[in-house]
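Along the sequence shown, residues are numbered consecutively beginning with 1. This structure is a prediction, so every number in the text was calculated from the model and none was measured.
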Amino acid sequence: MDIAPVLRHAFTQGPGKTIVTAPIVVREVPPTTAGQLPPGRSGSRSVPLPPRTVDLLERIPFWTGRVDAAAMDRDEVHGRVVTTAFGYQRREPWNEYPDHRGYASVRSRYPVHAFAVGGGEDWFADMYGHRLVGRDRTGHGRTGPVDSVALTGRYTHLPYYYELLRGSLVDLEVGINLRSLCVALELFGVPSTVRVPDATGPGLLHRLGLVPDGEWSLPLTVDLAGSEPESEPEPDRRAGEITAAVPGTTGGLPDPWLREIVRYNREQAVPRTGVLASPHVPEVPEVQQAVPVLPPAGPAREQSWAEVLYRRSSGKMPRGLPGITGRPRRLDSAALADALAWCRVPPPSPELRAVQKHLRITLAVQNVDGCPPGVYRVTPDGESLVTEDASICARLEGCYGTPLTARNGNAIRHASMVWFVSVRLPELLADLGTGAWTTAQHCAGWAAHGISLAAAQHGMYARPSRAFEDILTQPVLSTDPGETTLLSVVCGTERYTEPALDLRV
């Protein structure tokens, strides 16, 4: 196993991105596949998702409440799970990227696709149409029992000027989507088992009709309780090689980076050793915890699940401008305690947890009651102060890739918390294999979505970002020179609160 190529690939997107890659130049209306249905699905075969799921979510408190689904049949429960996990929440007409779901996505492109699989068919969750869409000229006009949900990201949904970074961004969003789906399953009392991508992934992409398969990441699958798992596709015996059909263009423009993205995503299909070698498919699926066991830390005003999902935000700017803005605000200690509780919930499979043990959480805090400002290390058992520093967020603003200008917002100096998920890649890859590069980003996305929900509960935005410069943040955060930041999450308070249109169904 040669980890050097993966380390070079990661370096171009992390510590070395300002050294070996050209700066990103944002172009107006770049060609992507965003907004398109998956191949072979025109919408002629579709089944509506059940309405009024928001009414059920309004009746149960965040985060302790659960939906009473005893009177629902299995199809209705699964349809409401899909709506809760992936449904649109609001439209912000003044925003450059107006339509928002209950979780974060790059430029609101939502490249990760969810497919309900069962009864010999597969149905795409089309949330704009509030429906499940089947493949054209196949099967009958209704869905069969859903056995599993497959999550796969389409790299070409993101603008090509992100180049190689599209791989990491999609992998992070797979982790975010996984957390959102597992939260919804827990809300409706549906036990599940998570299967990480493996050598059967290329076959599953073809089974879903996703061609050319070089536009898609290997699927991560969530098996649902009470279902008879269908036979898996045959493993690709050429695992680890570029066997996917990788298009040379996106939207008619050359896309020379896509082949490398796919190459390192397919490393997940390489046969594993140790913990990652044993498939986790128990006869009776276990309930996977995605919500903290303990109740919220403080006596905050009781909010519903519907309200928190609606308020979840990645930050705002007025008049369609890019970036984020915010204002200083003193927070109760419960805001930090709740975010820590959500961050610490482990991902729901032994393979993911084996990778998560290698990740490090570093937290910058200011203006939180009972918590001296500065840098903290967060572990499963507690957090420890590394450096007390009243100017920590102002210093981090100088490490952010997009500075404050007349046309771009940057409110890091006003943030209450800035989270960093990092890893020592040589150790991770040497221990768990080259496929752990992708799996680590799934774990980072899982943690980020939990932090986002906790932030929304306390009236904050939470902006996942890859824009901090590792070389600059290392002396500020006292992180090791060999650490690579997989994802950061900036949490603060909005300055602008323009009205939005409610899209919940």
Quick one: does any side-chain atom of [X] pair with a main-chain N or O of [Y] as donor and acceptor, under 3.5 Å?
X	Y	result
Thr33	Gln36	no
Thr152	Ser217	yes
His130	Pro50	yes
Glu163	Leu165	no
Trp63	Leu294	yes
Arg353	Pro347	yes
Glu121	Val117	no
Arg179	Trp446	yes
Thr484	Gly14	no
Arg266	Arg263	no

Could you go step by step and tell me if Leu56 and Met72 meet the side-chain contact (heavy atoms from CB on, under 4.5 Å) rule? CA-CA 12 Å; Leu56 298 175; Met72 303 179 196; 3.5 Å; yes
Under the criterion side-chain hydrogen bond (donor to acceptor under 3.5 Å, both in side chains), which of Asp122, Asp126, Asp136 is the partner of Arg41?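 Between Arg41 and the candidates, side-chain hydrogen bond (donor to acceptor under 3.5 Å, both in side chains) is satisfied uniquely by Asp122.
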Among Glu351, Glu267, His358, Gln268, side-chain hydrogen bond (donor to acceptor under 3.5 Å, both in side chains) partner for Thr439: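 Per the side-chain hydrogen bond (donor to acceptor under 3.5 Å, both in side chains) rule, the option paired with Thr439 is Gln268, out of Glu351, Glu267, His358, Gln268.
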Step by step, would you call Arg90 with Glu92 a salt bridge (Lys or Arg N to Asp or Glu O under 4.0 Å)? CA-CA 7 Å; Arg90 66 188 185 279; Glu92 300 171 351; 2.8 Å; yes
Evaluate the side-chain contact (heavy atoms from CB on, under 4.5 Å) criterion for residues Leu487 and Phe420: first the C-alpha distance (whole Å), next the side-chain angles of each, then the deciding distance (0.1 Å), finally the verdict. CA-CA 6 Å; Leu487 188 64; Phe420 293 84; over 6 Å; no
Which heavy-atom pair separates [X] from [Y] by the least distance, and what is that distance?
X	Y	value
Val82	Ala125	CG1-CB, 3.8 Å
Gly118	Asp147	CA-OD2, 3.4 Å
Gly167	Ile261	CA-CG2, 3.6 Å
Val174	Val112	N-CG2, 3.7 Å
Gly445	Ile176	O-CG1, 3.3 Å
Gly87	Met127	CA-CE, 3.6 Å

Criterion side-chain contact (heavy atoms from CB on, under 4.5 Å) on Arg80 and Leu187, from CA distance to verdict: CA-CA 10 Å; Arg80 296 197 185 282; Leu187 278 181; over 6 Å; no
Does some side-chain heavy atom of Gln289 sit less than 4.5 Å from a side-chain heavy atom of Val345?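 Val345 reaches Gln289 side chain to side chain.
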Ignoring hydrogens and geometry beyond distance, is a side-chain donor-acceptor pair present between [X] and [Y] at under 3.5 Å?
X	Y	value
Arg107	Tyr162	yes
Ser422	Arg360	no
Asp381	Thr379	no
Tyr103	Asn177	yes
Ser168	Gln13	yes

Using a strict cut-off of less than 4.0 Å between a Lys/Arg side-chain nitrogen and an Asp/Glu carboxylate oxygen, indicate whether Glu173 and Arg109 qualify as a salt bridge.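 No.
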Salt-bridged, Arg424 to Glu483, with N to O below 4.0 Å?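 No, this pair does not count.
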Give the C-alpha distance, both sets of side-chain angles, the deciding distance and a yes or no for side chain to side chain donor-acceptor pair (under 3.5 Å) between Arg311 and Gln303. CA-CA 11 Å; Arg311 292 174 61 182; Gln303 300 169 68; 2.9 Å; yes
For the pair Arg195 and Ser349, evaluate side chain to side chain donor-acceptor pair (under 3.5 Å) and give the outcome as yes or no after the intermediate values. CA-CA 7 Å; Arg195 288 189 286 128; Ser349 86; over 6 Å; no
Apply side chain to side chain donor-acceptor pair (under 3.5 Å) to Thr362 and Arg377, showing your working. CA-CA 5 Å; Thr362 303; Arg377 293 282 186 268; 3.3 Å; yes
Cation-pi geometry met for Arg101 and Tyr110 (6.0 Å, 45°):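 Here Arg101 passes the 6.0 Å and 45° test against Tyr110.
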Over 12 non-hydrogen atoms of neighbours within 6.0 angstrom of CZ in Arg66: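 Above 12, so yes.
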Are Phe124 and His113 an aromatic pair by the rule of ring centers under 6.0 Å?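 Yes - the distance between ring centres of Phe124 and His113 falls below the 6.0 Å cut-off.
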Step through it carefully: locate the ring centre of Trp342, locate the ring centre of Phe62, and say whether they are under 6.0 Å apart.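 For Trp342 and Phe62, the ring centres are under 6.0 Å apart.
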Going through the distances and angles, do Arg166 and Asp255 end up as a salt bridge (Lys or Arg N to Asp or Glu O under 4.0 Å)? CA-CA 12 Å; Arg166 287 173 295 171; Asp255 193 343; 2.7 Å; yes
Please walk me through it: do Glu383 and Arg344 pass salt bridge (Lys or Arg N to Asp or Glu O under 4.0 Å)? CA-CA 11 Å; Glu383 54 280 343; Arg344 286 193 172 109; 2.5 Å; yes
Please determine whether side chain to side chain donor-acceptor pair (under 3.5 Å) holds for the pair Asp470 and Thr485, giving the CA-CA distance in whole Å, both sets of side-chain angles, and the decisive distance to 0.1 Å. CA-CA 7 Å; Asp470 274 345; Thr485 300; 2.6 Å; yes
